[in-house]
Amino acid sequence: MANVFIISAPSGSGKSTLLNRVRKQVPNLEFSISYTTRPPRGTEQNGREYFFVRRPEFEYMRDQGEFLEHANVFGDYYGTARRFLEKAEREGRDLLLDIDVQGAAQVKDKLPRAVSIFILPPDRAELERRLRERGQDSEEVIERRLREATREIENYAKYDYILVNDRLPDSIAALEAILLTERQKHAGKNDRELSARAESCRLERVRERLEPILQSFQKRLLMAGNRAGESHEAD
Ligand code: ADP
Ligand code: 5GP
């Protein structure tokens, strides 16, 4: 039976960078290409990053039960086609899903064996820096992504593993260790060094590291709340 790995992260955390590297290093991984109603960005190509479809087509597929999960993210539909799981099963490969927190919850409900991984940036300022450095988004979109990140990050505790993407080589090694350790578990094997590395991404092990990260996001929320309160008082 195929292992199913779910990866979620606030935009700009470095998820694509990590996944691209790990996909080259870990064999036998099938990467699910999602369907979306959002238009392509930059150099994105239909059938490579996503299958870009119009709403009626998406709704038709949804009504036919073709999706393993689907969700509305930032006002557009996104969905994982069941056929990717079937293909992975048929070919004896593992499946990697890059989906948001809503989709992750749906997949966990349907496939409790799925392993979920949440990727976090080292703090809010670094997330903002990475979004700007990527140079893909307007100022308005960056602001929206930062707001969304604060909301998404609140879901970290629902995931099996939490990976703080600080130094890229460490993160690549940690993600690889998680995938390989989970694979070994199913095969009844255990490489101690690998599993120790994977275990270092469990919630109880990263709790202390998480505190300042969460604070860096929440502080902004509190400050924004206070500012709203002040202007209200001044009215
Ligand atoms: P996501 O897929 O999560 O939206 P990207 O992979 O596009 O994020 O990464 C956002 C930006 O951050 C890119 O410019 C990328 O090169 C950079 N980046 C990714 N990981 C790291 C890291 N560990 N340290 C510094 N920069 C990083
Ligand atoms: P983007 O439009 O920036 O590529 O992705 C926006 C968000 O949608 C990301 O959090 C990404 O993980 C999520 N996403 C991409 N594909 C799917 C999918 O098939 N299902 C769900 N639920 N989320 C998806």
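The figures here come from the full heavy-atom set of this structure, side chains too, leaving out hydrogens, waters and symmetry mates. Order of appearance sets the numbers: ligands from 1, and atoms from 1 within every ligand.
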Practice item. Would you please determine whether S171 falls within less than 4.0 Å of ligand 1 on a heavy-atom basis? Key: no
Practice item. Return yes when atom CZ of R192 has more than 12 non-hydrogen atoms of other residues, nucleotides or ligands closer than 6.0 Å, and no otherwise. Key: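 Result for CZ/R192: open.
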Review point. When you measure from atom 1 (P) of ligand 1 to each heavy atom in G12, A9, A149, which option holds the nearest one?
Key: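 That would be G12.
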Check your understanding: So between R129, R130, R132, whose heavy atom ends up nearest atom 27 (C) of ligand 1?
Key ->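 Of the listed residues, R130 has the closest heavy atom.
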Exercise for review: Could you name each residue pair satisfying side chain to side chain donor-acceptor pair (under 3.5 Å) that touches residues 17-27, not counting sequence neighbours?
Suggested key: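 Residue pairs with at least one partner in residues 17-27: Q25-E176.
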Under-4.0 Å salt bridge between [X] and [Y]:
X	Y	value
E133	R130	no
E128	R132	yes
E91	K87	yes

**Study point:** Close approach, G79 and ligand 2, non-hydrogen under 4.0 angstrom
**Key:** yes
Check your understanding: Can you tell me if K15 has a non-hydrogen atom under 4.0 Å from ligand 2?
Key ->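 Flag set, K15 near ligand 2.
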**Study point:** For ligand 1, the portion of D166 having any non-hydrogen atom under 4.0 Å away
**Key:**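 The part of D166 near ligand 1 is the backbone, not the side chain.
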Check your understanding: Is it the side chain (CB and beyond), the backbone, both or neither of S11 that lies under 4.0 Å from ligand 1, heavy atoms counted?
Key ->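 Both backbone and side chain of S11 come within 4.0 Å of ligand 1.
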Practice item. Please confirm whether G14 comes within less than 3.5 Å of ligand 1 when only nitrogen or oxygen atoms on both sides are compared. Key: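 N/O-N/O distance under 3.5 Å: yes.
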Check your understanding: Less than 3.5 Å between some nitrogen or oxygen of E126 and one of ligand 1, yes or no?
Key ->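 For ligand 1, there is no N or O atom that lies under 3.5 Å from one belonging to E126.
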Who's the nearest protein heavy-atom neighbour of [atom], and how far?
atom	result
atom 20 (N) of ligand 1	N165 ND2, 3.2 Å
atom 19 (O) of ligand 2	S34 OG, 2.6 Å
atom 4 (O) of ligand 2	Y50 OH, 2.5 Å
atom 20 (N) of ligand 2	E69 OE2, 2.7 Å
atom 17 (C) of ligand 1	E133 OE1, 3.6 Å
atom 6 (C) of ligand 2	Y78 OH, 3.7 Å
atom 7 (O) of ligand 1	R134 NH1, 3.0 Å
atom 23 (N) of ligand 2	D100 N, 3.1 Å

Which bit of [X] gets closer than 4.0 Å to ligand 2, counting heavy atoms only: side chain, backbone, both or neither?
X	value
H70	neither
R41	side chain
Q102	neither
E49	neither
V73	side chain
Y35	neither

Exercise for review: Kindly determine whether S16 and R134 satisfy side chain to side chain contact (heavy atoms under 4.5 Å, CB included), including the steps that lead there.
Suggested key: CA-CA 12 Å; S16 314; R134 187 167 66 179; 5.5 Å; no
Review point. Cation over ring, R55 on Y77, under 6.0 Å and within 45°?
Key: yes
**Study point:** Distance under 6.0 Å and angle within 45° of ring axis: R202 vs Y161
**Key:**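 Verdict for Y161: a cation-pi partner in R202.
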I'd like to check which ligand 2 atoms, numbered from 1 as shown, lie under 4.0 Å from a non-hydrogen atom of [X].
X	answer
A71	22 (N)
T80	19 (O)
G103	22 (N)

Check your understanding: side chain to side chain contact (heavy atoms under 4.5 Å, CB included) with D100: which residues, sequence neighbours excluded?
Key -> A71, V73, Q102
In ligand 1, which numbered atoms sit nearer than 4.0 Å to a non-hydrogen atom of [X]?
X	result
S16	1 (P), 2 (O), 6 (O)
L168	20 (N), 23 (N)
T17	5 (P), 6 (O), 9 (O), 15 (C), 19 (C)

Point to revise | Spacing of E30 atom CD and N3 atom CG [to the nearest 0.5 Å] | key: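 Going from the CD atom of E30 to the CG atom of N3 covers 13.5 Å.
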Check your understanding: Which value, rounded to the nearest 0.5 Å, describes the distance between Q136 atom CD and E44 atom CD?
Key ->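 So the gap between those two atoms works out to 7.0 Å.
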Point to revise | Full working for side chain to side chain contact (heavy atoms under 4.5 Å, CB included) between F118 and V101 | key: CA-CA 9 Å; F118 196 74; V101 292; 4.1 Å; yes
Check your understanding: Which heavy atom in I213 sits nearest to a heavy atom in P121, and how many Å separate them?
Key ->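 Closest approach of I213 to P121, heavy atoms only: CG2-O, 3.6 Å.
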Point to revise | S13 to P10 - nearest heavy-atom pair and separation | key: OG-O, 2.6 Å
**Study point:** S32 and R83, any side-chain heavy atoms less than 4.5 Å apart
**Key:**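 Heavy-atom side-chain distance check fails, nothing below 4.5 Å.
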Point to revise | Test side chain to side chain contact (heavy atoms under 4.5 Å, CB included) applied to L96 and V22, step by step | key: CA-CA 11 Å; L96 202 67; V22 167; over 6 Å; no
Practice item. Report the C-alpha distance between L214 and I153 in whole Å, list the side-chain angles of each, state the deciding distance to 0.1 Å, and finish with yes or no for side chain to side chain contact (heavy atoms under 4.5 Å, CB included). Key: CA-CA 8 Å; L214 298 175; I153 279 171; 3.3 Å; yes
